Structure formats: structure tokens, C-alpha cells
There are 2 protein chains.
Amino acid sequence: MMAISKEVTENAEVGRKGILDAAAQLFGRQGYGAVSLRMIAEAAGIKAGSIYYHFASKDAIITEILDAGIQAVHDEVGDRLAALDADAPARDVLRAVIRGHLSALLEHGDYTSANVRIFGQVPPAVRDANLPVRRAYESFLDGLLSDLQAQGAIRGDINLPRFRLMLIGALNATLEWFDPQKGDAEGLADDYADMFLTGILNRDGEKT
Amino acid sequence: MMAISKEVTENAEVGRKGILDAAAQLFGRQGYGAVSLRMIAEAAGIKAGSIYYHFASKDAIITEILDAGIQAVHDEVGDRLAALDADAPARDVLRAVIRGHLSALLEHGDYTSANVRIFGQVPPAVRDANLPVRRAYESFLDGLLSDLQAQGAIRGDINLPRFRLMLIGALNATLEWFDPQKGDAEGLADDYADMFLTGILNRDGEKT
DNA sequence: CCGCCTACCTAACGCTTGTTAGGCTGCGAG
DNA sequence: CTCGCAGCCTAACAAGCGTTAGGTAGGCGG
């Protein structure tokens, strides 16, 4: 009884959540194809056949992870924006978006990085199932950018859907090289924000 | 004899190159895990076992494709730069880089898009084998950017390695959504160049 | 105590994959 | 004509995979 109780305590992540957590971590690190159910089961402390008690299929696991990943980013970005003053300048708004996105991706990001890492690899049906959540986040960003452009804060000639694609593409690519143990995600976010917002050319003429 | 000769003519890509071409196309479209040797062989008009006459392993095919993909981008960017005047302004130089990269990726890009698409999915040893070619391109870009910064054309406070990562990340991400049948890659390149170089904020104050 | 339910285990299945070893054919050169 | 080589075919193998069906054990409630 006491021994069993200790075991349950240590394997607090056993069960459905444990499987999802283990899978998200493995997919985020190793990609889709390199992760088998046997690997996930082992990381979760069970055997592969047992996974079917909790999930109908491998794809069902992946579908949940993909959705949770995008939702986590959306929520983090939303939280960062909510923490701003109502009249915060556009620069602060956009910086908050970039900070939120990178934080969700690089610092709390098993599910998020799994999504970014494997979305393009999963079977088409699984990918399609993730589109609604994905599109909700995209629309959220598009709306925000559109408002900022309407206010005159963002240049009127900027193609906003393209900018959003460019932004997300660049942010998600950080996953391949950024090491949270070595680097400062917030500093990275601020560097990126600066470059996106102000551009890299020296505006005091082409030469100093 | 005549019938055989016709057959050879129509299967002009049979052999080593035919296998590589077929594989690059399949990998670029479907990713790493979804493409088997049997699929590649079928697309090349042969049977899977025959591939071993030309290549030692599946990984050997992939290794060649990855290298050719990066080299194609590097060459295209190099050609675009060589076509510029020696005193071309920084804006034109950087635009040429972006145009070259996107052209190689989106318009002549089986090998290139295969590289971008599958690099993160292949076994670690295969990935490592691609690093020298990859690093050569990165160094090339870094050197260019460094020169432009030294000339004062790029702001002195820009972290160039980060900018280069951001740039390549954004450019490569276009592969996931851009359709060359529907869109204008050069227009896209110029949009991206404008945003990267000038930034998106309205510099006539935060509001018009 | 018994039965039910939760949460797992196990052995096996069918399928797919990369690969191998042996074979065949056509063409060109001697 | 013969031989050698290039370039393929074929059947099979071993390994790994997602999945299934049947089983077990523990805990809880009646």
C-alpha cells in the first residue's frame, strides 16, 4: 500500500497526460518519423499496447498535441497583449506578440515545438484537423495587424498577410537553432522585433 | 530495336540522375517519411532493388540531394550578385540575395525544396554530412552582410548572425504556402526585401 | 465476498520498409 | 562469335511498425 502509493506519486504523469507529455517531448525533439509508439510508451513508463486504452490511434495522440501546441502560443500571445496598457504604442504591441510567441515556443514549448516540428510531416488528414485552431491564431494576428495599419502605425503599403507569414516563418525557424540553456529568448525576441519593425538599413542615408 | 530505341528516348532520365530527380521531387513534396525506395523507383521507372546498382543506400541518395539543394541556392544567389554593378547600393544587393534565394527555392527547386523540407527529418548522420555545404552558404551570406555593415549600409547595432537566421528562416518558410502556379516569386521577394530592409513601422511618427 | 471498472500487459498479426543475393539481357569490343 | 560489363529484375529476408484481442490485477462499492 505504502510502496504503491510512493510509486504512484513518482509516476504522477502516468496515464493519458503522461502519454501526451512524453509524446510531445519526443516529437518536438526527434520529429515525426523517428518516434514510435513503443518509444512513447517507454518514455511514459508503460508498454505500447497500453496506449490504446487511452487513445484510439497514434494519430489521435498527434492530433491532440498539434492542437494544444497552437493553443498554447495563442494563449501566451493573448496574455502578453492583455498585460499591456490600452494605449500602448504599436512598437510595444508587436514586441509583445513576438515575445509571447517565442516564449511559448522556446521556453514552455514541448507541445508548441512539437507542432512546429512535425506539422509538415504528419499525414494530410491529421494536418487538416489542426487547421481550425491554426487559422484562429492566424486570424487573431491578422486582425491585430490590420488594426495597427488602420491606425497608421504600420505602413499602409505593407501586405499584412505576407508580413504575418514572414514573421511566423522566422519565429518558428528559431526552433532549429536556439538553445534555451544558452540563450535569452526575450533578448532574441527583442532583437527580432527591432529588425522587423525598424528594418536593417541605416536610414541616415545608405552610408554613414 | 526501333521500339527499344523509342523507349530509351522517352525514359531519358533513367539511371542515376533519374533516380535523384525523382527522389528530390518526391521528398520535396511529401517529406522524408512518406517516401519509400519503392516510390522513388516507380517514379524513376525501375524497381526498388535496382536502385542499389547506383546508390549504396537510401541515405546516400538523400545525402546527394541535400548537398545539391544548398549548392543550387548558393549558386543562384551568387549569380544574382555577380550580375550587379560593382557599386550597386546595399538595397539592391540584399534584394538580389532574397530574389536569388526565393527563385532557387520556389522556381527551380526540387532539390532545394527537398533540402528545406526534409533536412530536419533525416537521421543525424545524414544531417551532419550536409553541414559543410550548408555552412559555406551561411558564411557567404555572413561575409556579405558584414561588409555591408562595415560600409555603414546596415545599421551598426544589428546582430548579423541573428539577422541571417531570421532571413533564411522566413525565406524557407515560404515553401509551405507559396504556390508558383498562382503567385509571383519575384514580387514576393521584393515585398520581403522591402519589409526586411525598411521595417514595417510607419516612420512618420507612430501615427500618420 | 463478489463484481465491475480502470489501467495496464502480452503475444501476435499483417503490413511496410530497406536491403541482399542471385539472375538476366542487351550492347559493344575484341 | 564470345565475353564482359552495365543496368536492370526478382524473390526473399529481417526488422520495425501500428494495431488487436485476450488477459490480469488492484481498488472500490454494494
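If you're wondering where the values come from, they're calculated on a predicted model, not measured in any experiment.
In summary, the side chains of A/Q71 and A/D75 do present a donor paired with an acceptor at a separation below 3.5 Å, with no hydrogens or angles considered.
Atom pair A/K47:NZ and C/dA12:P shows a separation of 15 Å (rounding to whole Å applied). Rounded to whole Å, atom C1' of C/dT17 lies 8 Å from atom CG of B/L37. If you measure from atom CD1 of A/I46 to atom C1' of D/dT19, you get 14 Å, rounded to the nearest angstrom. When rounded to the nearest whole Å, the span between OH of B/Y32 and P of C/dT17 equals 13 Å. Rounded to an integer number of Å, the gap from A/I19 CD1 to D/dG18 P is 14 Å. The CD1-P distance, from A/I40 to D/dC17, rounds to 11 Å in whole Å.
Ion pair A/R155/B/D194 flagged as a salt bridge, since at least one NZ, NE, NH1 or NH2 atom sits closer than 4.0 Å to an Asp/Glu carboxylate oxygen. In this structure, A/R80 pairs ionically with A/E76, as a charged nitrogen and a carboxylate oxygen lie closer than 4.0 Å.
Regarding contacts with the backbone of D/dC17, a side-chain N or O of A/S36 is found under 4.0 angstrom from either OP1 or OP2.
For A/K58 and A/Y32, the positive end sits near the middle of the six-membered ring, less than 6.0 Å away and at most 45° from its axis.
For the contact set between residues 49-66 of chain A and DNA chain C, defined by any heavy atom under 4.0 Å, the members are A/G49, A/S50, A/Y53, A/H54.
The side chain of B/R38 approaches C/dG18 more closely than any other nucleotide in the set C/dC8, C/dG18, D/dC9.
Listed by chain and residue number, nothing satisfies the side-chain hydrogen bond (donor to acceptor under 3.5 Å, both in side chains) test with A/E176 (two or more places apart in sequence, or in another chain).
Within the structure, ring-ring contact (aromatic ring centres under 6.0 Å, His included) pairs that include any residue of residues 96-125 of chain A comprise A/H101-A/Y137 (at least two apart or interchain).
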